Asker: 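Take a look at the following structure, please.
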2 protein chains.
Amino acid sequence: MELFWRKGYEGTSLSDLTETLGITRPSLYAAFGNKEVLFRTVLKRYEANVVTYRRKALNAHSAYAVARELLEGAANLFGDESKPAGCLGVQGALACGEDAEPVRQELVANRSAGERALRQRLKRAKTEGDLPADSNPASLARFLSAVVYGMAVLSAGGASHKELLQVTELALRIWSQES
Amino acid sequence: MELFWRKGYEGTSLSDLTETLGITRPSLYAAFGNKEVLFRTVLKRYEANVVTYRRKALNAHSAYAVARELLEGAANLFGDESKPAGCLGVQGALACGEDAEPVRQELVANRSAGERALRQRLKRAKTEGDLPADSNPASLARFLSAVVYGMAVLSAGGASHKELLQVTELALRIWSQES
DNA sequence: GATATTCTATACTGATTGGTATATATCCTC
DNA sequence: GAGGATATATACCAATCAGTATAGAATATC
């Protein structure tokens with residue numbers, strides 16, 4: 001996971017994988033199928049075990065709390081120096097050659113699913129009166145997703161945890177007035 | 001440029017380049033040196049001829065106008081369907097193998113330079129009273145950069161021009177109160 | 001119009017890509 | 001302890017990677 005996370009799908013070679021796993025090539029293929037299904041397996045694991053802040057955020061009690069948990073959770077993850085910088089779901093395959101196109105599509109679908117879940121949570125918040133009647137949950141979900149992606153890029157460029165938290169703080173100012 | 005833009009540095013092969021340029025391999029090397037210096041040349045051209053909105057934004061007369069020009073300019077560029085989706089400066093090499101590491105570093109430095117220029121413009125705005133005395137230009141510049149990068153990722157995932165403009169609109173709400 | 005020079009085209013380099021065939025060793029079951 | 005299944009290790013595969021040597025063609029200079 002750390003290899004794909006740091007170097008992306010295309011940038012990670014089978015030799016990289018077998019060397020750091022201490023596993024021979026045929027063993028890797030017997031265990032995981034091929035490079036692409038290994039990546040998909042890794043992505044599931046990443047979603048389940050690493051991106052834990054999203055589920056936590058979606059379960060928060062207010063729209064503001066959802067946004068805060070999401071952004072701060074992202075800042076905490078991306079700013080964690082014990083882990084690779086950035087986000088596997090973004091830099092795993094943002095742009096790539098034809099061979100990796102299915103993987104790119106998978107990541108696009110993965111991000112879209114995250115945006116959809118957030119949108120639905122904010123829609124609920126609107127019906128519950130937790131967001132103003134003139135608010136746009138879809139737009140808001142997209143904005144929050146964009147800030148998360150933006151922090152991922154900042155992180156990949158070397159931004160610190162503190163710097164990411166400042167971005168979070170500014171993004172949350174949207175709530176200081178009606179939204 | 002469109003090849004590197006769409007497929008990234010690693011995802012673009014020399015065969016891709018020579019085929020679409022209608023040029024043979026030795027001609028390409030005679031003209032540009034090698035793949036890496038070609039990419040750097042392309043990046044310069046991209047900055048000069050494509051990312052025109054940044055210079056326009058930095059020359060705007062107020063801090064709010066700077067932010068608006070920057071975000072709307074990015075939305076317009078990323079949403080332009082006659083061009084590849086996303087941003088070369090982001091998806092050119094966000095994560096990659098060792099071979100492409102110098103190119104990744106170049107893009108990191110390139111983004112940092114953009115953030116720095118924006119920060120300095122906002123600092124000036126603060127001294128001119130165009131931003132509140134308790135505002136943080138560095139933080140604000142990083143936030144705006146993050147939103148631009150986030151829109152680039154959204155665009156790479158297929159977001160429309162309209163959707164990107166909605167992100168812009170929300171990000172600008174920070175100005176609706178003191179910032 | 002001959003000579004020098006630049007440009008291009010074909011073919012090739014060694015290295016690396018993802019992926020496997022085959023053979024050997026280990027382990028589990030009976 | 002014999003037999004069968006599973007796992008590993010070595011060696012290999014064709015294809016592609018970035019980059020180049022060499023030879024031929026076009027062009028410019030004198």
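Computed from heavy atoms alone, side chains included, the values below leave out hydrogens, waters and symmetry copies. A note on names: the letters A, B, ... follow the listed sequences, proteins ahead of strands, and every chain is numbered from 1. What you see is a predicted model; the values in this text were computed from it and never measured.
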Asker: Tell me, with the steps shown, if B:Arg40 and B:Glu106 meet salt bridge (charged side-chain N to carboxylate O under 4.0 Å, His left out).
Answerer: CA-CA 8 Å; B:Arg40 292 183 134 94; B:Glu106 167 92 16; 2.9 Å; yes
Asker: With ring-ring contact (aromatic ring centres under 6.0 Å, His included) as the rule and sequence neighbours excluded, what pairs involving residues 115-164 of chain B come up?
Answerer: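 Every candidate ring-ring contact (aromatic ring centres under 6.0 Å, His included) pair involving residues 115-164 of chain B fails, so no pair, neighbours aside, qualifies.
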Asker: Please list residues of residues 90-108 of chain A whose heavy atoms come under 4.0 Å from any atom in DNA chain D, ordered by number; otherwise none.
Answerer: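 Within this stretch, nothing sits under 4.0 Å of the strand.
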Asker: Would you say B:Tyr29 ends up clustered with B:Tyr9 if hydrophobic residues are merged whenever their side chains have heavy atoms under 4.5 Å apart, either directly or through other cluster members?
Answerer: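 Both belong to a single hydrophobic cluster.
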Asker: Taking the side chain as C-beta and beyond, is there a heavy-atom pair between A:Cys96 and B:Lys7 under 4.5 Å?
Answerer: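 A side-chain contact is absent here, since even the closest heavy-atom pair is not under 4.5 Å.
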Asker: Can you tell me if the side-chain N/O atoms of A:Thr24 get under 4.0 Å from OP1 or OP2 in D:dA9?
Answerer: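 So the side chain of A:Thr24 is within the cut-off, an N or O lying under 4.0 Å from OP1 or OP2 of D:dA9.
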Asker: Just verifying a value: how many Å separate A:Thr52 OG1 and A:Tyr46 OH, rounded to the nearest 0.5 Å?
Answerer: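 One gets 10.0 Å once the value is rounded to the nearest 0.5 Å.
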Asker: Do B:Asp130 and B:Tyr64 come within less than 4.5 Å of each other through their side chains, counting heavy atoms only?
Answerer: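 Heavy-atom side-chain distance check fails, nothing below 4.5 Å.
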Asker: Which residues pass the side chain to side chain donor-acceptor pair (under 3.5 Å) test with B:Gln120, not counting sequence neighbours?
Answerer: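 Expected list: none.
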Asker: Within the 4.5 Å heavy-atom criterion, are A:Glu47 and A:Lys44 side-chain neighbours or not?
Answerer: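 Answer no - side chains too far apart.
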Asker: Applying ring pair (Phe, Tyr, Trp, His ring centres under 6.0 Å), name anything that partners B:Tyr53, two or more places apart in sequence or on another chain.
Answerer: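 B:Tyr53: no ring pair (Phe, Tyr, Trp, His ring centres under 6.0 Å) contacts found.
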Asker: Of all nucleotides in DNA chain C that come within under 4.0 Å of a heavy atom of chain A, which is furthest toward the 5' end and which toward the 3' end?
Answerer: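 Range of nucleotides within reach of chain A: C:dT17 to C:dA21.
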Asker: Could you run down nucleotides 11-19 of chain D 5' to 3' and tag each one B, S or - for protein heavy-atom contact under 4.0 Å?
Answerer: ------SBB
Asker: Round to a whole Å and report the spacing from CG of A:Leu28 to P of D:dT8.
Answerer: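 Result: 11 Å.
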Asker: What I'd like to find out is whether the side chain of A:Ser139 reaches to under 4.5 Å of the side chain of B:Leu170, using heavy atoms alone.
Answerer: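 They are in contact (side-chain heavy atoms under 4.5 Å apart), so the answer is yes.
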